[in-house]
Every structure is written in structure tokens, then in C-alpha cells.
Amino acid sequence: MPIDKIAFFIIVALVAFGLTTPEEATSGFSNPATITVLMLMIIAIGLEDNGVITLLSNSIKRLSFLPLIAMVPVFMIISATISSFISTTAVVIIFLKIIAQLSEKYNFSAPKLLMPISFAGILGGSCTLMGTSTNLLVNSVASKYGVEKFSFFEFSMYGLILLAVGIVFMTIASRWLPKGGGDKLSTFSESSNFLFTLTVKPDSKYVGEAFSQVPFYNNPNISVLKLIRDSNVNTTPGKNTTLRAGDELVLVSDIQDFNLISEDDFTLSLESDEIENNTVIDKDVKNTFVELLILPGSEIIDKTLQEVKFILNNIGTPIGIQKKKMLNLDAHIALPKAIKKLNIKAGDRILLKLDKDNLTKIYQFKNVVVMRQHESDYSINRPKQLWCIAVLIGVIVLAATNVLSILASTIVGVGAMLFANCINLTKIYKRVNWQIFFLLAGMIPLGIAMGNTGTDVWISKQLLGLLYGQNGTVVLGVLFALTMIMSGFISNNATAVIVTPIAISLAAGLNLPVKPFILAVMFGANFSFFTPMGYQTNALIYGTGVYRFKHFLIIGGTLSIILLIVATTILSTQLNT
């Protein structure tokens, strides 16, 4: 069963067997940790929708010139830094896409980077209170037992030491990670790449300028294949080639980068036909982009894009086409002089630009499938992008300086994004990971039930009996190890809820400071690197098929043992305070 379903059945069981009151069993839905995680997910969606994540990923791609041995620590540092403030899972997904594209383009071994990046994201998320849901959850459970709450950066120094150990170890261990495997990342490297034809407008500011002055000339995601001038075709336009009005540029680009090209200087060839025919293009129309897969038997087969436009009866304008053979830029494919004259075959994809109100009309056509709808035109609103960056920084500063709690600062952050129309609640409802929300809401009452029934005290007494006569450092290490092992096979959040009350009881039984024991649970629940089930990001990279279980068991297990020893040593320094 999925973990969120199990969590819901826990709520049912707690109420049915009288282990908690109904109010206590449902208290997880209003718990500060649950709401904070929800707010952070919404903020992350806002950052993605307003181009902040794209800006970040484009900056990371520029590091592709580094040798692989240098890429490992650099990418780990970047992953850890971002994961300290944004969902680790979201960060690793970003890197998955980047590495998939870079490995395809530069032919380096993706598995050498993926595991280090995943581990770094987990280590980085452990450095701040808002870095992972586990940290927030442990802090919330502990506060219910009367323990003073952690401040934002209270344990960051310990986290940074452990991160440094992890970076050094994984940089060395990466040589034993498998080679190749980049082809297995095709799911993440899949991008909406299409062939387009642009026409230089007569009033374009680039008329008479060198081709190198065009903003997309140096964009690695846009490849110019041809420059067509009158009847002449230049298949290798150089950077010093002078552009003229009416020049046509045949290029391959994904939708996102294509839509950053200025409409004031270039127009699509089919839209330029409309201008020549005095057809008015309404700029106020709310356009959307739809990818159509052409199936056998479609009336569109063997037609050109120009003919498809008339078949669609002005429902939408075909602006690009995707042919797999043509997207392999290493192959020498004979392209037509204009994309609009290219014949369409079964299996091709057509990119349509259409009014959102016409979207339902597409489904009237037989033997075509709407593969993907791009709800945004991807044009970046710079003020909104800067606003989102300011909101993220503001949330971090407000929480870090204790001006507001993390919960209050994240709520204010979401409110600021709503105020500036940076997020759309209708989209938010569809894109929030409600599985995590229900998981947290279901697991929190389990901790309450352990306190109500005295289970936490009973388990801690059994541990104290087994460890009788041992000093606090040994008990701390055993607690860390038990937490780590449990987290390797069940949810790290579930482990945190179960073990935190036990840790508090252990500290009380030994008459020792409680915070080192809580930190042992916090770090131990996150540091289960020895199985792919130990953390969401580990499961994610394991699912790509580039690793086997033994890679986690041997390399991840060795790292877990090293971190166990180092963490126990540095946390034990607090036992005498």
C-alpha cells in the first residue's frame, strides 16, 4: 500500500482502539510542521512557474566545462546549498534533468554524479531547520514534550561538518560508481524540442547586425540549422553573418527557450504569412501550446504545416514539428527550405499555438492525441521573477533572525506570492504533493499515542536496561544507529515520529541534555544512505535504473557508518554542557 494510505489507516486505528481522542488523531492536519511543509511546497511551485528554477538550472549547466572529478564536489556543494532552503526532492529532480541533458550532449557518465548529488541534497537539507520535513517534524514532536524549539541555524555547524565529510568521501568513492547509463535517463532528458522557422522582421533591430549579436546565438538549448535568404541556403551561418530583413532561420529549440525570443524582431513563418495576407493577430489572446501526436489514419498525414493550418480551420497555428531523426543534430538530414513545406508522417508531433478557448475543439479531430499542454507561454516576467527571489530570501531571513517563526514566515511568503499573482491556486491544488501532506498528518498522531500509552517510556527503559553501565556517548551512538537502520527500511518521517519520544525519555533517564539525543534522531533519520528506500531522492535515482542495490549497500553503507561515527563524536561534546 502507498505510505499515505498507511498513514491514514493509522489515524483510523488510533481512534478505533481509543489510543487517542479523535481530535488528537486528526491534529496532524493542523500541526505546524505539516502546514510549513505545505507552504514550502507552494513557494517551490511559485519559484518554478516564474523562471527562478530555470534561471538556476541554466547557471548550473554552464559548469559543464569542468572535468568529472571536479564536477562531483562542485555539484554536491550546489545541491547541498539549495537543499538547505528548498525541497531536496525538487532539487534532485532539477539535477536529474540537467545531468540527463549534459550526459547526452557531452557523453559523460551520469551515474558518477547522480548518487553524490542525491546524498549531498540530503546532507544539505539537514543543515537547517527548514531543509527537510524530517527536521520540522522532529522539532514539532519534541516541542510537544516540552523541549525548547531549535532555531533556524542552531545545528548548522554540525550539519556542515557532516556535509564536508560526505563530499570528500563521495568524491573519492565516485570512481567506483558505474559508468555509462545516460541512455536510461531519457525520461528526464525528454524535452519539447521542435523545428521552427523564424523570419527577421523588416523593423528588427538586428537587421544589418552580425548573427552573433542575436541573444539566442549562444543559447546551448537552441541550434540554428539553416539561414535561408531568397533561394540561397546557408547550412553553417557563422557568427559574423549579417542578417537582413526577410531572412529565415531554421532552428531546433524547446518551447521554453523558443518563447524567450523577442516577437518584436522575429516572427514565425506561418504567422508572417498571416501578416502578408492582412490577417490581424490579436496579441491579447491568451495563447497556449499543445503537442499533437499524429497517429496512422489521420487526415493530417502527408500534409504540410501550411496545409494543416487550413485543415484546422484557424483553430490554431502549427508553429513547429518534431521528427526524431531530425532532432539528432549529428545526422545529416536534408531539410526543406522552409519547415512549413515539410510533409507530416505518422509518429510526428506538431506544436500548435492556439487560443485557450479553442482547446476543446482539438479533440474533435480523429487519430491525433494531445500529448502535452503547456499552460504557460514560458515568457518570463522579470519583475515577478525578482519578486519570487525576494520572497524566498525574505522567508529565510525572517525565520533565521527569529522575527517570525518558520510557519509564520512561510505563510507570509505564500501570501506575498499570491498578492503579486506569482502563483495560481487552481494550479497549486493540482501540483502539490498531497501524499507527503497526508503522510505527515497521519504519522504525527502516532507520536501522541506513544506518549498517551507510555510506549516511549517503556522502550527507553528497555534500552537503558540493555545499555546499563555505558556512558552517554555509547547510548547516543546506539540511538543514532537504531534510527538510521529503521529509516533505511521505513519512511524517515515515520522513524522520526517513533524515535523522538524515545530519545527524550532516554535523555531524561540518563539525566543528560536532551538536544544531542534529538539531533541524533534528526540526523540519523536522514542519513540512511545504505538502501534506496531510505530517502525519496535515493528511491528516485534508483528508479532510473543506473544503479544496483549493491551500490547503495556498499558505498552508501560505508558513508552511513562514517557519518555515524563522526556525528556521535561531535554531538557527544554537548553531553557535558
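For reference, positions follow the sequence shown, starting with 1.
With hydrogens and angles ignored, the 3.5 Å screen pairs a side-chain donor or acceptor of Thr81 with a backbone N or O of Ile77. Lys112 contributes no side-chain N or O that, together with a main-chain N or O of Lys179, makes up a donor-acceptor pair within less than 3.5 Å. With Thr34 contributing its side chain and Ser30 its backbone, the two residues share no donor-acceptor pair below 3.5 Å. Listed for the Ser27 side chain is a donor-acceptor partner under 3.5 Å among the backbone atoms of Glu24. The main-chain N or O of Val475 is never found under 3.5 Å from a side-chain atom of Gln470 such that the two would form a donor-acceptor pair. Counting only distance, with no hydrogens or angles, the side chain of Thr455 and the backbone of Gly451 share no donor-acceptor pair below 3.5 Å. Although no hydrogens or angles enter the test, the distance criterion places no donor-acceptor pair under 3.5 Å between the side chain of Thr88 and the main chain of Gly125. Using a distance-only test at 3.5 Å, with no hydrogens or angles considered, a donor-acceptor pair links the side chain of Ser84 to the main chain of Gly124. With hydrogens and angles ignored, the 3.5 Å screen pairs no side-chain donor or acceptor of Ser143 with any backbone N or O of Lys149. The main-chain N or O of Val474 is found under 3.5 Å from a side-chain atom of Asn471 such that the two form a donor-acceptor pair.
Looking at heavy atoms from C-beta onward, Val457 lies out of side-chain contact with Met450 at the 4.5 angstrom threshold. Ile10 is listed as a side-chain neighbour of Met443, based on a closest heavy-atom distance under 4.5 Å. Side-chain contact check for Gln574 versus Leu519: some heavy-atom pair is nearer than 4.5 Å. For the pair Leu129/Ser151, no side-chain contact is recorded, criterion being any heavy-atom separation below 4.5 Å from C-beta on. Counting heavy atoms from C-beta on, the side chains of Leu392 and Met417 never come closer than 4.5 Å. Under the 4.5 Å side-chain criterion, counting only non-hydrogen atoms from C-beta, Asn493 is in contact with Ser133. Within the 4.5 Å cutoff, the side chain of Leu482 has no heavy atoms near those of the Val499 side chain. Considering only heavy atoms from C-beta on, Trp434 comes within 4.5 Å of Leu38 through its side chain.
Contact detail for Gly46 and Cys388: the closest heavy-atom pair is O-SG, 3.9 Å. Annotation for Asn50 and Cys422: closest pair ND2-O, 2.8 Å, computed over non-hydrogen atoms. For the residue pair Leu440 and Ala33, the shortest heavy atom distance occurs at CD1-O, 4.5 Å. Closest non-hydrogen pair, Leu479 versus Ala520, comes out as CD2-CB, 4.3 Å. Among all heavy-atom pairs drawn from Ala44 and Ile86, the shortest one is CB-CG2, 4.5 Å. Listed here is the closest heavy atom pair of Ser253 and Ile222: OG-CG1, 3.4 Å.
The local environment of CZ in Phe9 is sparse, with at most 12 non-hydrogen atoms from other residues, nucleotides or ligands closer than 6.0 Å.
Between Phe438 and Phe29, the ring planes lie perpendicular to each other; the angle is over 60°, past the 30° to 60° tilted range. Aromatic ring orientation, Phe419 versus Trp387: tilted (interplanar angle from 30° to 60°). Below 30°, between 30° and 60°, or above 60°: for Phe527 and Phe523 the angle between ring planes is below 30°, a parallel geometry. Ring planes of Phe529 and Phe119: tilted class, angle from 30 to 60°.
To the nearest 0.5 Å, the span separating CD1 on Ile99 from CG on Leu114 amounts to 4.5 Å. In this structure, the separation between OG on Ser79 and CG on Leu123 is 9.5 Å, given to the nearest 0.5 Å. Distance OG1/Thr36 to CE/Met39: 8.5 Å, rounded to 0.5 Å. One distance of note links CE of Met130 with CZ of Phe85; it measures 7.5 Å at 0.5 Å rounding. Once rounded to the nearest 0.5 Å, the distance linking CD1 of Ile261 with CG of Asn219 reads 8.0 Å. To the nearest 0.5 angstrom, Leu47 atom CG is 10.0 Å from Gln385 atom CD.
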side-chain contact (heavy atoms from CB on, under 4.5 Å) assessment of Phe517 paired with Leu571:
CA-CA 8 Å; Phe517 287 83; Leu571 290 177; over 6 Å; no
Quick one: do Phe152 and Thr128 satisfy side-chain contact (heavy atoms from CB on, under 4.5 Å)? Show the steps, please.
CA-CA 6 Å; Phe152 194 89; Thr128 66; 3.9 Å; yes
Walk me through it: do Ile541 and Val546 pass the test side-chain contact (heavy atoms from CB on, under 4.5 Å)?
CA-CA 8 Å; Ile541 63 170; Val546 300; 5.8 Å; no
Take Phe489 and Phe530 through the test side-chain contact (heavy atoms from CB on, under 4.5 Å) and record every step on the way to the result.
CA-CA 10 Å; Phe489 299 98; Phe530 55 92; 3.9 Å; yes
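Residues satisfying the ring-ring contact (aromatic ring centres under 6.0 Å, His included) criterion with Phe95, sequence neighbours excluded, are Phe75.
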Counting only pairs under 3.5 Å, give me each side-chain donor-acceptor contact of residues 160-172, with atom names and distances, residues two or more places apart or in other chains.
residue	atom	partner	partner atom	Å
Thr171	OG1	Ile167	O	2.6

All N/O donor-acceptor pairs, side-chain side in residues 561-570, below 3.5 Å, sequence neighbours left out:
residue	atom	partner	partner atom	Å
Thr568	OG1	Leu564	O	2.7
Thr569	OG1	Ile565	O	2.7

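With hydrogens and angles left out, the side-chain atoms of Asn135 and Asn526 include a donor and acceptor closer than 3.5 Å. Ser487 and Asn492 share no side-chain donor-acceptor pair at under 3.5 Å.
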